[in-house]
Amino acid sequence: MRGFFDLHIHSYYSVLDGVPSPEEWVQSALRDCMHALAMTDLHALSGAVEFFIACKSAGIRPILGLQVTVASPLETQPLQGDLVLLARDLSGWRSLCRLSSAIHSDPGTNPDHILPFSRLAEETDGLICLTAGSQGCIDQLISMNQAENALRYLSYLSDLFPGHLYVELQRRTPAEFKLSREIARTAGELDTPVVAANQVYYLDDDQSEMQLLVTAVRYNKSINSLPGPAIPPPGSYFTNQEEMLSRFSDLPESLTAIGEIVERCRLDLPLDIPRFPHAKVPEGQTMIQALHQKASAGALKHYGQINPQITDRLNYELSVIEEKGYTPLFLIMEEIVSQARLLGIPISSRGSAASSLVAYCLEITSPDPLKLDLFFERFLNPARESPPDIDTDICSRRRDELIDFVYQRFGSEHVAMVATINRFRRRSALRESAKAHGFSPEEIKSLVDQLPRRWRGGSSRPKETPYDELVTRYPDARHQNLFRDAASLIGIPRHLSIHPGGIVISPQPMTDFVPVLLASKGVVITQFDLDSVSHIGLVKIDLLGIRGLTVLGDVAEELQNRNPDEYRSPLDALDGIPDKDPATAELLKAGRTIGCFQ
């Protein structure tokens with residue numbers, strides 16, 4: 001491929017570092033007729049799937065990358081600098097996932113997310129390495145007149161990435177232009193190819209102020225007190241091909257290298273293919289045979305005998321489940337629910353899974369779909385492409401016991417909670433923007449307290465300011481600038497949180513598919529939200545903590561204590577609740593349902 005293609009961009013998933021969304025980057029590349037684009041967010045891969053899909057939809061070749069901060073191996077000159085890693089293929093994607101996961105594996109002792117050089121050396125398969133320009137060690141060392149150490153560092157990298165290392169040249173400022181020539185000469189001494197790049201954080205010069213804003217929020221400082229190194233150089237915005245080709249016209253080999261890298265990066269993520277974990281089955285049995293046996297045994301237990309109606313319904317459901325490849329999901333859910341019952345943890349099913357006779361016979365769900373005339377297709381329509389949801393409510397006090405079982409049963413390397421992306425909303429955007437603008441804590445509190453608790457503007461960036469009332473009350477320029485900036489923050493990622501119930505189990509180590517991180521609660525979570533996890537093919541299981549079940553569990557325990565001859569366990573007391581109770585029916589008729597869950 002000929003032309004200039006950006007190989008070093010930051011999206012807003014470089015949290016509080018980059019400004020545009022992946023879609024905005026793709027649209028900018030499309031307008032400039034770029035046929036390839038690399039997204040290289042700092043330390044994390046949260047936006048990778050979203051970017052990949054946006055590129056594919058636009059007819060642009062997506063290149064998935066990661067910018068990492070690495071400790072230098074030079075003993076005589078200890079320093080740290082960044083590298084840009086690009087995935088050539090699926091093995092490269094796995095390397096990116098493992099490296100990003102390693103960076104986030106211990107936030108308590110590694111808050112700056114610095115990767116040891118030795119750890120980098122363990123995960124180089126399928127990667128191309130760029131030296132990251134102004135943020136890399138090569139540029140730092142050359143700037144300090146330490147060409148010899150720069151060569152030594154470059155030699156270390158050459159050993160890690162033989163034939164896949166490029167020295168990145170940047171020319172956003174006159175100083176970078178001058179330095180790039182010296183760096184190119186240094187690279188030539190080791191015959192290391194150079195590549196032209198333009199590390200960018202925002203779409204155009206108009207967004208430079210917003211980049212300062214998010215940087216101030218990240219550092220928890222006012223914009224005026226930001227340290228110089230925290231601010232990207234002027235010109236760190238998307239620049240058209242024509243200008244970039246002109247900037248590097250004296251180094252045509254650096255432009256040729258771009259096309260070479262693009263041709264070498266052939267990663268095609270296999271999306272929307274379900275990847276189920278392995279379920280335990282007796283030796284000599286297939287999974288569908290084991291599921292059929294369990295379902296038949298459950299039917300006999302519930303109905304006493306199996307009539308043609310039950311046989312036909314079971315056979316139909318099992319055929320659809322097998323055809324769709326969802327057999328492991330049912331076996332795993334049966335195992336998890338059985339463990340909950342064994343531990344005496346109150347649980348309850350919810351949602352359309354109650355329409356499945358197989359789920360009922362496996363005691364995953366409690367309503368009888370035949371008795372209630374529920375249609376299986378409401379749960380799993382043969383025409384449905386996405387995996388079904390089997391949601392299970394659990395006593396909130398004991399939910400962690402069941403999650404611990406899942407981690408132990410399937411292995412900690414195969415299990416993670418799903419992340420949610422916490423985005424700026426109206427109140428948080430105003431609060432953080434006001435700090436960045438230097439407002440006092442008293443002023444910030446006064447402004448935020450004037451906002452209603454709820455606003456139906458959604459999570460996407462609004463076209464009109466969501467602070468209309470405040471705009472009218474505070475017409476001075478200082479406040480008007482604040483409200484404008486706060487509105488621009490709404491909808492961009494702020495940090496990752498833990499999904500209230502979602503957990504995924506992978507057939508291979510989790511980092512073969514997705515990057516993970518250690519959350520503040522000590523729980524491993526994916527760096528992807530539910531949409532990206534689903535596209536990767538990992539099937540979410542919902543284990544939701546419900547306080548109502550905790551209350552019921554406490555009542556059942558008291559009943560069992562009072563009537564030990566009648567109830568062997570608290571769960572027996574719950575299971576003994578009749579389906580029809582006149583007193584309950586009267587309460588429902590009267591609409592006295594406050595406090596009832598769903």
Side-chain angles (χ1 to χ4, degrees), residues 274-343 345-394 402 405-406 409-410 503 505 507 539-544 571-572 574-576 579:
R275 307 174 192 279
F276 291 104
H278 304 296
K280 281 183 179 178
V281 297
E283 188 174 351
Q285 270 193 337
T286 63
M287 283 193 289
I288 190 61
Q289 288 172 340
L291 183 61
H292 198 294
Q293 185 181 70
K294 286 176 178 287
S296 298
L300 196 60
K301 175 183 175 181
H302 283 298
Y303 298 107
Q305 60 181 2
I306 301 179
N307 60 34
Q309 179 194 15
I310 295 171
T311 299
D312 291 345
R313 176 69 175 259
L314 281 179
N315 287 339
Y316 168 66
E317 289 192 16
L318 288 165
S319 67
V320 174
I321 292 168
E322 182 181 19
E323 180 185 349
K324 291 290 185 179
Y326 301 148
T327 305
L329 178 61
F330 282 80
L331 290 172
I332 287 166
M333 284 305 304
E334 185 266 343
E335 188 174 351
I336 293 171
V337 171
S338 294
Q339 181 67 18
R341 293 185 183 280
L342 182 66
L343 295 173
I345 300 174
I347 60 171
S348 175
S349 58
R350 73 153 86 181
S352 61
S355 304
S356 168
L357 180 60
V358 171
Y360 175 63
C361 291
L362 267 57
E363 298 189 338
I364 295 171
T365 58
S366 50
D368 183 344
L370 298 183
K371 181 179 179 180
L372 298 172
D373 197 23
L374 302 177
F375 293 97
F376 175 67
E377 289 77 10
R378 180 171 171 265
F379 167 61
L380 184 53
N381 191 306
R384 175 176 173 166
E385 295 298 328
S386 60
D389 289 323
I390 302 179
D391 298 337
T392 302
D393 295 340
I394 306 165
L402 197 55
F405 163 75
V406 175
R409 160 65 181 86
F410 296 96
I503 188 168
I505 309 169
V539 179
K540 173 179 66 74
I541 296 170
D542 271 322
L543 303 177
L544 299 149
L571 291 188
D572 286 345
L574 291 178
D575 292 338
D579 291 336

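Heavy-atom basis, side chains included; hydrogens, waters and symmetry copies ignored. Numbering starts at 1 and runs along the sequence shown.
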Exercise. Quick one: salt bridge (charged side-chain N to carboxylate O under 4.0 Å, His left out) partners of Lys301, sequence neighbours excluded?
Worked result: Glu363
Seminar exercise, completed: All heavy atoms of Pro328 vs all of Pro277, minimum pair found to be CB-O, 3.6 Å
Exercise. Is a donor on one side and an acceptor on the other found under 3.5 Å between the side chain of Asn381 and the backbone of Ala383?
Worked result: yes
Problem set entry | Distance in Å, Asp373 CG paired with Asp368 CG, rounded so as to fall on 0.5 Å steps | 10.5 Å
Problem set entry | Carboxylate-amine/guanidinium proximity below 4.0 Å for Arg350 and Asp393 | yes
Exercise. If you measure from CZ on Phe410 to CD1 on Ile332, what distance do you get to the nearest 0.5 Å?
Worked result: 4.5 Å
For this session: Identify the two heavy atoms, one from Ala354 and one from Leu374, that lie closest to each other, and give their separation to 0.1 Å.
Result: O-CD1, 3.5 Å
Exercise. Closest heavy-atom contact between Ser355 and Phe375?
Worked result: CB-O, 3.1 Å
For this session: Check whether any side-chain N or O of Ser356 sits under 3.5 Å from a backbone N or O of Ala353 as a donor-acceptor pair, and report yes or no.
Result: no
Exercise. What's the shortest heavy-atom distance between Pro282 and Ala290, and which atoms?
Worked result: CD-CB, 4.3 Å
Exercise. So Leu329 and Phe276, side-chain contact (heavy atoms from CB on, under 4.5 Å) or not? Walk me through it.
Worked result: CA-CA 7 Å; Leu329 178 61; Phe276 291 104; 3.8 Å; yes
Exercise. So, Asn307 side chain and Gln309 main chain: donor-acceptor pair closer than 3.5 Å or not?
Worked result: yes
For this session: Given salt bridge (charged side-chain N to carboxylate O under 4.0 Å, His left out), test Lys294 with Glu334 step by step and report yes or no.
Result: CA-CA 9 Å; Lys294 286 176 178 287; Glu334 185 266 343; 3.6 Å; yes
Problem set entry | Distance-minimising heavy-atom pair for Leu314 and Ala299 | CD1-CB, 4.0 Å
Problem set entry | Backbone N/O of Leu357 and side chain of Glu317: donor-acceptor pair under 3.5 Å | yes
Exercise. Once you round to the nearest 0.5 Å, how far does CD1 of Ile310 lie from OG of Ser296?
Worked result: 10.5 Å
Seminar exercise, completed: Here the pair of heavy atoms bringing Asp579 nearest to Lys371 is OD2-NZ, 3.5 Å
Seminar exercise, completed: Distance col, row Ile321:CD1 vs Ile288:CD1, nearest 0.5 angstrom, shows 7.0 Å
Exercise. Using 30° and 60° as the class limits, which term best fits the ring planes of Tyr360 and His302: parallel, tilted or perpendicular?
Worked result: parallel
